[in-house]
Structures are given as structure tokens and as C-alpha cells.
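Worksheet: one structure, shown below.
Note that the structure is a prediction, hence the values are computed from the model and not measured.
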Amino acid sequence: MIERVIRDVREFSRKNGLYEKRILVLFSGGKDSSLALYLLKEAGLDVSALTFFHRWSWRETLNWAMGFTKKLGIEHYLVDVTDGLLREATGRKGPICINCKKVMLWNAKWFALNNGFEVLAKGDNANDKIIGALLDQCKGDIRLCDIPKIGIPFFRPLIRYTAEEVEKLAEEAGIRPYRMYEHARRRQWREGCPLQYIDREEVVTEELMDLAFRVNYEVSKIARARKVRVSVRVPSFEVMCWDCDGETLGEVRRVVSRFGGKEGEASARKAEE
């Protein structure tokens with residue numbers, strides 16, 4: 001299957017003149033963006049990677065991402081967006097991801113334009129399509145969007161593949177990103193950043209951002225050891241866990257209590273999303 005997808009990327013790229021352009025992949029180190037980077041490299045395109053991080057980013061996943069691009073022989077740029085994220089997010093209500101994506105999108109645009117890149121690429125799959133989202137307003141083939149508001153085309157080589165198909169392709173390609181064993185927002189692996197666990201409608205502060213990182217970093221150690229998925233919302237200290245038993249939940253509650261949370265009942269959510 002992976003060879004067929006690579007051939008499709010080659011054919012699409014030839015038809016759309018992408019072999020004559022420098023492409024910059026927005027690379028988080030997750031499975032989708034890793035697979036997109038791998039496919040473009042294997043297809044022979046002139047591709048580089050751009051990773052945004054901030055002081056609350058998981059260092060383990062960043063280290064894995066750097067090792068992955070080194071193995072592929074791809075130029076990899078790292079940009080710290082801590083200051084911009086603080087300006088955009090603090091004082092506003094969650095979820096913080098909306099503000100973070102805005103910071104990253106505009107930083108990506110200007111980084112690309114200032115460094116000679118002509119196309120941005122993302123690892124969006126078919127399950128990521130949101131009605132009304134900027135990248136779903138493109139005309140024609142949604143794999144390549146020329147959006148005037150952004151000023152630079154977006155290439156999404158995985159947009160016609162479901163999350164399940166992406167999982168199979170990544171497995172075939174031997175792509176196994178480092179996992180923090182977050183609960184995430186979907187049953188499929190969808191990790192990334194502890195700031196997503198600030199309670200919805202909570203006014204974001206720097207102190208809350210620090211708390212979200214510290215609590216979730218500690219519970220991730222338990223999750224990795226027990227091979228379950230755990231995250232904690234703050235400041236409510238709601239515990240979310242896939243497949244936790246009573247012993248695991250008890251250990252998580254004890255960690256939560258150290259940060260000011262109550263050792264009350266924690267919910268083990270089931271896969272319904």
C-alpha cells in the first residue's frame with residue numbers, strides 16, 4: 001500500500017509542478033506529519049521540516065522528531081513560539097489550541113516566505129476535515145490549496161486517507177513516534193500538547209499553563225509504565241483515562257492530590273468518540 005501511495009504523490013506532484021518548488025512540512029512529530037514527511041521524501045521532492053515548540057511542549061517527542069528527520073536526511077528547523085503563544089492565549093477562554101494554531105499558521109507562513117519555500121505541507125487526514133475551516137475552503141482538488149488569505153499554497157498528501165488508513169501506512173513504513181500516553185480527544189492516537197487539557201471556558205493564565213504541564217507530565221509516567229492513556233484537566237483536576245483499573249486510578253489520584261486536587265472519584269472514560 002505504501003508504494004502505491006508514494007506513486008500517487010509522485011504523479012500528483014508532477015501534474016502540479018511541485019518538483020520545481022521547495023516544500024516545508026509543518027512537522028509535529030506525530031504519526032500523520034511524520035508519514036507526510038516520509039512520503040514526500042520518498043517521492044523525491046525538495047522537502048524540509050518545520051517544528052514549532054514552546055516551553056510546555058513535550059521534550060521527549062521533540063527529541064524523537066529530531067531523530068526522525070536526521071534518519072531521513074531532511075533539513076529540520078525548530079522555532080520557539082512561547083512568547084507569541086503567551087500573547088495570544090493568556091486572558092482568553094479555552095480551548096487554547098485555537099490560539100496556538102493561529103500563532104503557528106502565521107509563523108509558518110512568514111518563515112516559509114522569508115526562507116525561500118514556495119509550498120507548505122501538512123499531515124491532515126480525511127478525519128481532520130472541519131466544515132468552515134480555512135483549508136477546507138479551497139477550490140478544486142483539496143490536496144493542494146492556494147488560499148489568497150494565506151498567500152502560500154498548502155499541500156496535504158494524506159487528506160483523502162482516513163485515520164485508520166494512515167495508521168496502516170505508518171506501520172508499513174515503520175513509523176512509530178514516541179508516545180506520552182495522553183488520553184487525547186479521540187480514541188485514535190492524537191497526542192501533542194498538555195495545554196489542551198486546560199478546562200474549556202477557563203480563562204487562560206501562565207500559571208494554568210504551567211500546572212497543565214506539570215500534572216500531565218507526572219501522570220504520563222504512570223500511563224507509560226502501565227500502557228494506558230491518562231490526562232488530567234486543570235483546574236478541575238478531572239482525570240480522563242482509557243482502560244484504567246482501580247489501582248492505576250488510585251496512583252493517578254495521589255499524583256493529582258500533590259498539585260492541589262482532591263482524591264475524589266476519577267472517571268475512566270470509555271471509547272465513545
Side-chain angles (χ1 to χ4, degrees), residues 26-34 51-66 78-104 107 177-244 248-249 251-262 266-269 273:
L26 303 188
F27 176 53
S28 67
K31 188 164 286 187
D32 292 1
S33 62
S34 298
T51 299
F52 294 113
F53 69 96
H54 45 70
R55 84 171 193 234
W56 305 278
S57 298
W58 301 128
R59 289 300 182 267
E60 290 84 352
T61 56
L62 182 60
N63 289 338
W64 182 89
M66 293 168 65
L78 305 176
V79 176
D80 188 341
V81 295
T82 299
D83 292 342
L85 180 56
L86 278 170
R87 285 194 303 270
E88 286 291 330
T90 53
R92 301 187 184 187
K93 291 185 177 181
I96 196 171
C97 302
I98 296 172
N99 307 114
C100 193
K101 287 178 180 177
K102 179 181 177 182
V103 170
M104 291 184 181
N107 272 278
Y178 188 94
R179 301 298 193 188
M180 294 299 292
Y181 283 82
E182 292 180 53
H183 174 272
R185 290 174 291 176
R186 302 181 193 174
R187 185 55 175 171
Q188 294 95 358
W189 281 106
R190 179 64 74 183
E191 298 193 329
C193 172
L195 300 184
Q196 66 182 302
Y197 304 114
I198 294 176
D199 286 316
R200 186 176 290 272
E201 297 301 313
E202 190 73 25
V203 174
V204 177
T205 65
E206 188 171 351
E207 290 73 25
L208 266 183
M209 296 161 87
D210 290 341
L211 180 60
F213 174 83
R214 294 200 309 272
V215 173
N216 282 286
Y217 189 78
E218 290 303 315
V219 300
S220 74
K221 296 176 185 177
I222 300 170
R224 282 189 61 81
R226 294 180 176 270
K227 296 296 184 288
V228 295
R229 295 171 57 184
V230 184
S231 295
V232 179
R233 296 189 188 277
V234 297
S236 68
F237 291 105
E238 176 192 1
V239 175
M240 303 174 292
C241 183
W242 296 111
D243 305 322
C244 280
T248 302
L249 284 174
E251 192 173 351
V252 171
R253 290 189 197 112
R254 288 191 288 275
V255 169
V256 167
S257 69
R258 297 206 309 264
F259 290 92
K262 297 179 180 179
S267 60
R269 292 191 170 184
E273 301 178 55

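Listed by chain and number, the residues in a salt bridge (charged side-chain N to carboxylate O under 4.0 Å, His left out) with Glu88 are Arg92, Lys102 (sequence neighbours excluded). Listed by chain and residue number, Asp80 satisfy the side-chain hydrogen bond (donor to acceptor under 3.5 Å, both in side chains) test with Thr82 (two or more places apart in sequence, or in another chain). For Phe53, the ring-ring contact (aromatic ring centres under 6.0 Å, His included) criterion is met by no residue, not counting sequence neighbours.
Seen from the ring of Tyr181, Arg226 does not count as a face-on cation partner, given the 6.0 Å and 45° thresholds.
No side-chain heavy atom of Thr90 sits less than 4.5 Å from a side-chain heavy atom of Thr205. The side-chain heavy atoms of Val219 and Val239, taken from C-beta on, include no pair separated by under 4.5 Å. The side-chain heavy atoms of Leu195 and Leu85, taken from C-beta on, include a pair separated by under 4.5 Å. At least one side-chain heavy atom of Lys31 sits under 4.5 Å from a side-chain heavy atom of Arg179. Using a 4.5 Å cut-off on side-chain heavy atoms (C-beta onward), Thr61 and Pro177 make no contact. The shortest distance between side-chain heavy atoms of Lys221 and Val255 does not fall below 4.5 Å. Between Val256 and Val232 the shortest side-chain heavy-atom distance falls below 4.5 Å.
Interatomic distance, OH of Tyr197 versus CE of Met209, reported as 15.5 Å (0.5 Å rounding). The line from CZ of Phe213 to CD1 of Ile198 is 13.0 Å long, rounded to the nearest 0.5 Å. Going from atom CD of Glu182 over to atom CE of Met240 covers 9.0 Å, rounded to the nearest 0.5 Å. The CZ atom of Phe259 sits 9.5 Å away from the CG atom of Asn216 when rounded to the nearest 0.5 Å. Leu249 CG to Arg254 CZ: the interatomic distance, rounded to the nearest 0.5 Å, is 10.5 Å. How far CZ of Arg229 is from CE of Met180: 13.0 Å, rounded to the nearest 0.5 Å.
Taking a cutoff of 4.0 Å between a charged side-chain nitrogen and a carboxylate oxygen, Glu206 and Arg55 qualify as a salt bridge. Of the charged side-chain nitrogens involved, none lies within less than 4.0 Å of a carboxylate oxygen, so that Arg233 and Glu202 do not count as a salt-bridged pair.
Closest approach of Val230 and Cys241 over heavy atoms only: CG2-SG, 3.5 Å. Of all heavy-atom pairs between Ser34 and Phe27, the closest is OG-CE1, 3.3 Å. Residues Val228 and Cys244 share a closest heavy-atom pair of CG2-SG, 3.9 Å.
With hydrogens and angles ignored, the 3.5 Å screen pairs a side-chain donor or acceptor of Arg59 with a backbone N or O of Ser57.
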